[in-house]
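Quick notes on the structure that follows.
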Protein chains: 2
Amino acid sequence: MVSVTENTEQKIIDAACKVFILKGMDGARMQEIADEAGINKALLHYYFRSKNKLFDRVFVEIFSGITTLLSDVVSSSADIVELIDNMVHNYIHLISERPFVPDFVLHELNRNPQLIVEQIKLNGIDFSKFQQLIINGVTKNKIRPINPVHLIVNILSMCIFPFVAKPIIMGFMLNGDEAKYQHFIDERTEHVTTFIKNSLFINPAEK
Amino acid sequence: MVSVTENTEQKIIDAACKVFILKGMDGARMQEIADEAGINKALLHYYFRSKNKLFDRVFVEIFSGITTLLSDVVSSSADIVELIDNMVHNYIHLISERPFVPDFVLHELNRNPQLIVEQIKLNGIDFSKFQQLIINGVTKNKIRPINPVHLIVNILSMCIFPFVAKPIIMGFMLNGDEAKYQHFIDERTEHVTTFIKNSLFINPAEK
DNA sequence: ATTTGTTTTAACTGTTTGGTTAAATCGAAT
DNA sequence: ATTCGATTTAACCAAACAGTTAAAACAAAT
């Protein structure tokens, strides 16, 4: 009986993830989520009393996937080179599997910046270790001096933006060709890591 | 009488821009737009028959501002260095004045990619000239070989993403300090141009 | 003074939507 | 056999919302 319960709850969350990510909070409909989960609206409200409660639950779930990855990458990287390789590779890989997640997260965060407060409580990121890796890289004369905040924003930008801006990239640069876009994404990991390292390292031989 | 008409129409469009940008298509309410314009709902429908028609008009207006800037920058740049300087400076400057525009445009474009088709008809960007500037830079041995699509995506990413991701940057990296974020943005133009040039130029002296 | 297009007022329609309710059904555990 | 939570059915409510309508007021041009 317990297994049935968890099963249904998970089915609801999965369905809610799908619908919320595609339509956003404002565009999503409870009926559509119920349909997607293969249940009816009454049962949906039986599990999650309101749309807001369901959304909050789903948002935490989605967002923590992103921050967890960042935490893991930072804590498992020994130096700045490893950090860059891991971050770029893992983020592009993660987002490739759920390409609409970034637009969803960013849009809902702009709609209600309060949401981030809850997330920080749940998933505190040790930004200090990230900074330390960069400082180490600089002091050992391996890379140019750089503001850690700018660097991490640069990395995240170049990994995430291409997915959020897919319609623009396809429309204006790739003649609406889906295959070309896929090829562009396939090249992206290699390109971004090289681009960043070229910028950071004074002497290319040290890479 | 004509002037009055244009005045009201402009007032409506200004109000619609404001509300649509902040709330998105799904979150915006016709009543709120009417209030913001200082008129009533009846008159709003008298000018723009439906929410969709009003949205389309507003979206074209907002989006063309972005593409026009890109066109101007490309056509007014003599070489790759000028292009980078102009693009980074002008985009960060433009977005600084209306920081919620990128999230609005990207979100609506993902919600309805069809919108881009209309935009391409109205604002065809000469992507070829952009490519030519890069190829020239490469052949004259001034910069490393680079895929033009990746380069332009890199530039746009690093200019636009920091605004879309403001809640994340502030929440996780700047302790929620608005002043620190403003300082970060103020540094951004200089940082991004340097970061890109460091990556492109093999010999820093050639910059 | 009359016409014409603009604007307001205010009520209204029809639909969508989030959420509720009550009764019935079903399945498993006791 | 009974109990209990899970699930369905189906109807319902109240609020929000896009859009309409008709009549009146208004302002400028003729």
Side-chain angles (χ1 to χ4, degrees), chain A residues 1-62 104 107-108 111-112 114-115 118, chain B residues 1-62 104 107-108 111-112 114-115 118:
Chain A
M1 214 138 117
V2 175
S3 68
V4 176
T5 300
E6 286 178 343
N7 211 2
T8 300
E9 187 170 333
Q10 195 55 49
K11 258 165 50 186
I12 291 177
I13 289 179
D14 290 346
C17 275
K18 195 169 169 182
V19 175
F20 275 131
I21 286 173
L22 283 178
K23 307 282 182 84
M25 168 67 174
D26 289 330
R29 300 291 159 238
M30 291 299 270
Q31 186 61 58
E32 193 180 350
I33 294 173
D35 292 345
E36 181 72 34
I39 59 169
N40 49 28
K41 214 174 49 167
L43 190 61
L44 185 57
H45 280 92
Y46 178 76
Y47 274 85
F48 298 88
R49 262 187 278 187
S50 72
K51 189 183 182 183
N52 276 315
K53 283 186 178 34
L54 179 58
F55 176 82
D56 285 347
R57 172 68 177 276
V58 159
F59 190 82
V60 168
E61 198 128 320
I62 294 172
F104 167 73
H107 183 68
E108 297 303 332
R111 207 180 57 89
N112 178 17
Q114 285 292 101
L115 282 172
E118 182 72 14
Chain B
M1 215 137 115
V2 174
S3 68
V4 176
T5 301
E6 284 177 347
N7 210 1
T8 300
E9 187 169 332
Q10 196 54 50
K11 259 163 51 186
I12 292 176
I13 290 178
D14 290 346
C17 274
K18 195 169 169 182
V19 175
F20 275 131
I21 287 172
L22 283 178
K23 308 282 181 83
M25 169 67 175
D26 289 331
R29 301 292 162 235
M30 292 298 269
Q31 185 61 59
E32 192 180 349
I33 294 173
D35 292 345
E36 181 73 34
I39 59 169
N40 49 26
K41 216 174 48 167
L43 191 61
L44 186 58
H45 280 91
Y46 177 77
Y47 274 84
F48 298 88
R49 261 187 282 188
S50 73
K51 189 182 182 183
N52 276 315
K53 284 186 180 25
L54 178 58
F55 175 82
D56 285 346
R57 172 69 177 274
V58 160
F59 189 82
V60 168
E61 198 128 319
I62 294 172
F104 167 74
H107 183 68
E108 297 304 332
R111 207 179 56 90
N112 178 16
Q114 285 292 102
L115 281 172
E118 182 73 13

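In what follows, every chain begins at residue 1, and chains take the letters A, B, ... in the order their sequences are listed. Worth saying up front: this structure is predicted, and the values here are computed from it rather than measured. All values below come from the heavy atoms of this structure, side chains included, with hydrogens, waters and symmetry mates left out.
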Whether Y46(A) contacts dT7(D) is assessed here as follows: a side-chain N or O lying under 4.0 Å from the phosphate OP1 or OP2. Is that the case?
no

Test E36(A) against every option in K18(A), Q31(A), K11(A) by the side-chain hydrogen bond (donor to acceptor under 3.5 Å, both in side chains) rule and name the one that passes.
K18(A)

Under 3.5 Å donor-acceptor, K51(B) side chain and M25(B) backbone:
yes

To the nearest angstrom, how far is N40(A) atom CG from dA22(C) atom P?
17 Å

Report the distance from atom CG of D26(B) to atom P of dT16(C), rounded to the nearest whole Å.
15 Å

Residue list, side-chain contact (heavy atoms from CB on, under 4.5 Å) with D14(A), at least two apart or on another chain:
Q10(A)

Rounded to whole Å, CD of E9(B) lies from C1' of dG5(C) at a distance of 14 Å

Under-3.5 Å N/O pairs linking protein and nucleotides 19-21 of chain C:
| from | atom 1 | to | atom 2 | distance (Å) |
| --- | --- | --- | --- | --- |
| dG19(C) | OP2 | K51(A) | N | 2.6 |
| dG19(C) | N7 | K41(A) | NZ | 3.2 |
| dG19(C) | O6 | K41(A) | NZ | 2.6 |

Euclidean distance, atom OH of residue Y47(B) to atom P of dG5(C) [Å, nearest integer]
13 Å

Determine, using ring centers only, whether F20(A) and F55(A) are less than 6.0 Å apart.
yes

Exam field: side chain K53(A) to backbone Y47(A), donor-acceptor pair closer than 3.5 Å
no

Which nucleotide, dT7(D), dT6(C), dT9(C), lies nearest any side-chain atom of T8(A)?
dT7(D)

Rounded to whole angstrom units, what separation is found between the NZ atom of K53(B) and the C1' atom of dA18(D)?
13 Å

Tightest non-hydrogen contact, residues L44(A) and M30(A), listed as CD2-O, 3.3 Å

Students often get this wrong, so: under 4.0 angstrom with heavy atoms, is A34(A) touching a base, only sugar-phosphate, or nothing?
nothing

Whole Å only: how far is the CD1 atom of I39(B) from the C1' atom of dT9(C)?
14 Å

Expressed in angstrom and rounded to an integer, what is the separation of D35(A) atom CG from dT8(D) atom P?
12 Å

Find the distance R29(B):CZ to dA15(D):P and express it as a whole number of Å.
17 Å

Do the non-hydrogen side-chain atoms of L54(B) and I12(B) ever get within less than 4.5 Å of each other?
yes

